[in-house]
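Okay, structure first, notes after.
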Amino acid sequence: MTSTLGTDAAALQRAVSEVLHYLWDPIGVAGTPEARDEYDGYVDGVCGLLWRGADADTLVAHLVGIADVSMGLPGTQERAARAAEILLIWRDVVTR
């Protein structure tokens, strides 16, 4: 039997993966099925921030940092802010 924490963690990981792919999507691959896992390498880091109680500003800074530094894509603040808002909602849903 899976523990509640394990179930919550899996649900949050799925939600984060969806948000990163369909909302954050700094390189614009959301419409490409072959690229569905493009951002999965960032899911654990974002989940860790969410579990530790990160606020929207922290999440935005993290996502902007990934896009800017790792991907060389500046100007993603708006996408990151939209994603952070939804990520916080998902955290609340999963941890009720």
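These numbers were taken from a predicted model, which means no experiment stands behind them.
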Query raised in the report: Do you know which two heavy atoms are closest between Arg79 and Pro26, and how far apart they sit?
Result: CD-CA, 4.2 Å
Report task. Evaluate the criterion side-chain contact (heavy atoms from CB on, under 4.5 Å) for residue pair Val29 and His21; output intermediate values, then yes/no. Result -> CA-CA 8 Å; Val29 297; His21 182 74; 4.2 Å; yes
Query raised in the report: Hey, are Thr58 and Arg52 close enough side-chain-wise for a donor-acceptor pair under 3.5 Å?
Result: no
**Report entry** Over all atoms of both residues, closest heavy-atom pair of Ala11 and Val94
**Finding:** CB-CG2, 4.1 Å
Query - ILVMFWY cluster, Met71 and Val19 together (side-chain gap under 4.5 Å) - result: yes
Query raised in the report: Would Ile27 and Leu73 count as a side-chain contact (heavy atoms from CB on, under 4.5 Å) if you check the C-alpha gap in whole Å, the side-chain angles of each, and the deciding distance to 0.1 Å?
Result: CA-CA 8 Å; Ile27 60 175; Leu73 299 170; 3.1 Å; yes
Query - Residues Trp90, Val16; criterion side-chain contact (heavy atoms from CB on, under 4.5 Å); working and verdict - result: CA-CA 8 Å; Trp90 271 110; Val16 168; over 6 Å; no
Report summary line: Between the CD atom in Gln13 and the CG atom in Asp8, the distance rounded to the nearest 0.5 Å is 11.5 Å
Query raised in the report: Between the main-chain N or O of Arg91 and the side-chain N or O of Thr95, is there a donor-acceptor pair closer than 3.5 Å?
Result: yes
Requested in this report: Indicate if Ile89 and Val46 have the same hydrophobic cluster label, given that clusters are the connected sets of ILVMFWY residues with side-chain heavy-atom separations under 4.5 angstrom.
Outcome: yes
Report task. Could you state whether Leu23 and Val93 fall into the same hydrophobic cluster, counting links through intermediate Ile, Leu, Val, Met, Phe, Trp or Tyr residues with side-chain heavy atoms under 4.5 angstrom apart? Result -> yes
Query - Non-hydrogen atoms of Val60 and Ala81 that approach each other most closely - result: CG2-CA, 3.5 Å
Report task. Please check if Tyr39 and Val64 belong to a single hydrophobic cluster, counting links between Ile, Leu, Val, Met, Phe, Trp and Tyr side chain heavy atoms closer than 4.5 Å. Result -> no
**Report entry** Test log, rule side-chain contact (heavy atoms from CB on, under 4.5 Å), inputs Trp24 and Ile66
**Finding:** CA-CA 11 Å; Trp24 178 53; Ile66 292 169; 3.6 Å; yes
Query raised in the report: Are the side chain of Asp37 and the backbone of Asp40 linked by a donor-acceptor contact shorter than 3.5 Å?
Result: no
